[in-house]
There are 2 protein chains.
Amino acid sequence: MKYSRQRELIYKTVMENPIHPSADTVYALVRKEQPTISLGTVYRNLNLLVREGMLQKISFPNVSDHFDGRLEEHCHILCQQCGRVYDMDSPRLDIAALQKRPGHFRITGCHIYFTGICEACLKHFNQFESEDEFL
Amino acid sequence: MKYSRQRELIYKTVMENPIHPSADTVYALVRKEQPTISLGTVYRNLNLLVREGMLQKISFPNVSDHFDGRLEEHCHILCQQCGRVYDMDSPRLDIAALQKRPGHFRITGCHIYFTGICEACLKHFNQFESEDEFL
DNA sequence: ATTATAATAATAATCATTATTATTTTAAAG
DNA sequence: CTTTAAAATAATAATGATTATTATTATAAT
């Protein structure tokens, strides 16, 4: 893997942001420092970094994927009002004790997603804000 | 909500299939009984049934959404080999005890997704099969 | 400095999903 | 039974997110 300024910026952007940005948001943020970067480069590098195990990809229904630089086991919660994704500490899960359905599965990952309304949105004044506020 | 043969077929198809079919798979299955049905009708009705609480939508990274007619709390596991989605019984989760991150969240849902390799794929002979086998 | 490799920007293409619209079904009222 | 209004459909176009292509540029090893 050869160095590139673009990849470094993309990685730094995801690591330093608390919002688990979507590819689009990463694009908007990185463009401030590197206005010529292209969206394809953002997608390619995000996926590359996920494949290399340096980031993880988060999928919720009906919203585009988000990216997270925190690698330890933890969960995420999507605010249904503003669409932001937050971290949550993991509940204790006894995976060994899980009853599996169709025979034997080799489990390779566990992802716990919550949905809800975040504190900001509960506080009535920010009903319709979104990730954009972080740009 | 007015009756339609198409919606009944779509609903029956999801309910009777153990594979949590994607919209595309529902389309292929329903077309056998109603060859003139259109893909838009399938999407519209699946989403309608989700909104009405009769089905749930399942999202994993990198694969299209799947639909499930089983409504009680349970988890899902995606086979990374064949792409099928299976049911799993829920591990016990003490949601009340969860430490929340940014202040107070109103939690409205919890979705636990596993990834792994299913029994069929572990048995070496079906490395590359997919949902299509169920059509 | 030269050169092979990998990465990029720009753009086109794809895939999943949603919207539009003219036509057909449904079901309720006369 | 017809008539009629509302809702649903099929067909198709449009959108949005993501991936692929390609010619050019940057990286890093020789």
Side-chain angles (χ1 to χ4, degrees), chain A residues 1-14 20-52 54-68 78 83 85 130-132 135, chain B residues 1-14 19-52 54-68 78 83-85 130-132 135:
Chain A
M1 180 143 77
K2 210 173 266 190
Y3 170 86
S4 83
R5 175 173 158 70
Q6 287 87 340
R7 181 179 310 128
E8 182 174 52
L9 270 168
I10 288 164
Y11 181 61
K12 209 157 64 75
T13 297
V14 176
H20 307 87
S22 62
D24 224 54
T25 301
V26 172
Y27 180 54
L29 288 166
V30 168
R31 228 135 70 111
K32 292 180 176 173
E33 303 223 0
Q34 178 92 23
T36 60
I37 201 170
S38 88
L39 184 56
T41 298
V42 171
Y43 272 103
R44 187 165 24 75
N45 280 294
L46 286 171
N47 285 326
L48 182 64
L49 291 166
V50 169
R51 259 181 276 126
E52 295 293 315
M54 297 171 68
L55 297 179
Q56 64 174 123
K57 192 187 273 193
I58 308 168
S59 296
F60 278 98
N62 309 322
V63 299
S64 36
D65 290 341
H66 290 245
F67 294 86
D68 186 358
L78 168 74
V85 173
S130 74
E131 260 183 48
D132 293 349
L135 299 187
Chain B
M1 179 143 75
K2 212 171 263 190
Y3 171 85
S4 84
R5 173 172 160 72
Q6 288 86 338
R7 175 154 51 237
E8 183 175 52
L9 269 168
I10 289 164
Y11 181 61
K12 211 157 62 76
T13 297
V14 176
I19 60 167
H20 306 88
S22 62
D24 223 54
T25 301
V26 172
Y27 179 54
L29 288 165
V30 168
R31 228 135 71 109
K32 292 180 176 174
E33 303 223 0
Q34 179 91 24
T36 60
I37 201 171
S38 87
L39 184 56
T41 298
V42 171
Y43 272 102
R44 188 167 21 76
N45 279 294
L46 286 172
N47 285 326
L48 182 64
L49 291 166
V50 169
R51 258 180 277 126
E52 295 292 316
M54 297 171 69
L55 297 179
Q56 63 173 125
K57 192 187 274 193
I58 309 168
S59 295
F60 277 98
N62 309 321
V63 299
S64 35
D65 290 340
H66 290 245
F67 295 86
D68 187 359
L78 168 73
R84 281 187 215 131
V85 174
S130 75
E131 259 184 51
D132 294 349
L135 299 186

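Numbers restart at 1 for each chain; the letters A, B, ... are given by sequence-line order, proteins then strands.
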What is the distance, to the nearest angstrom, from the [atom1] atom on [X] to the [atom2] atom on [N]?
{"X": "A:Arg5", "N": "C:dT8", "atom1": "CZ", "atom2": "P", "answer": "12 Å"}
{"X": "B:Leu46", "N": "D:dA8", "atom1": "CG", "atom2": "P", "answer": "15 Å"}
{"X": "B:Ile58", "N": "C:dA16", "atom1": "CD1", "atom2": "C1'", "answer": "17 Å"}
{"X": "A:Glu52", "N": "C:dA7", "atom1": "CD", "atom2": "P", "answer": "10 Å"}
{"X": "A:Met1", "N": "C:dT8", "atom1": "CE", "atom2": "P", "answer": "10 Å"}
{"X": "A:Arg31", "N": "C:dA9", "atom1": "CZ", "atom2": "P", "answer": "11 Å"}
{"X": "A:Asp24", "N": "D:dT18", "atom1": "CG", "atom2": "P", "answer": "8 Å"}

side-chain N/O [X] vs [N] OP1/OP2, d < 4.0 Å:
{"X": "A:Gln6", "N": "C:dA9", "answer": "yes"}
{"X": "A:Arg44", "N": "C:dT8", "answer": "yes"}
{"X": "A:Asn47", "N": "D:dT18", "answer": "no"}
{"X": "B:Asn45", "N": "D:dT9", "answer": "yes"}
{"X": "B:Tyr43", "N": "C:dT17", "answer": "yes"}

Nearest nucleotide by nearest heavy atom, which residue falls closer to the 5' end of DNA chain C, B:Tyr3 or B:Ala23? B:Ala23
Select from B:Ser64 and B:Gly40 the residue whose nearest nucleotide in DNA chain C is closer to the 5' end of that strand. B:Ser64
Select one nucleotide: of D:dA10, C:dT17, C:dT8, the one nearest the side-chain heavy atoms of A:Ser4. C:dT8
Quick one: which of C:dT18, D:dA10, C:dA9 gets closest to the side chain of A:Gln34?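 Within the option list, the nearest is C:dA9.
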Reading DNA chain D from 5' onward, which residue's closest nucleotide shows up sooner: B:Arg7 or B:Pro35? B:Arg7
Relative to the 5' end of DNA chain D, which residue comes earlier, A:Leu39 or B:Ser38, by the nucleotide with the nearest heavy atom?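 Closest to the 5' end, via its nearest nucleotide, is B:Ser38.
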Can a side-chain donor-acceptor contact be found between B:Arg7 and B:Tyr3 if the only test is distance below 3.5 angstrom? no
Kindly compute the distance separating CG (A:Leu46) from OH (A:Tyr27), expressed to the nearest 0.5 Å. 13.0 Å
Separation between CG of A:Asp24 and NE2 of A:His66, rounded to the nearest 0.5 Å: 10.0 Å
Taking donor-acceptor contacts at under 3.5 Å, does the side chain of B:Lys2 reach the base of D:dA6?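 Between D:dA6 and B:Lys2, which were checked side chain against base, a qualifying N/O pair under 3.5 Å is present.
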Taking all atoms of both residues into account, what is the closest heavy-atom pair of A:Ile10 and A:Thr41, and its distance?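 Scanning both residues completely, I find the closest heavy atoms to be CD1-O, 3.9 Å.
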I need the minimum non-hydrogen distance between B:Val14 and B:Leu55, along with the two atoms involved. CG1-CD2, 3.7 Å
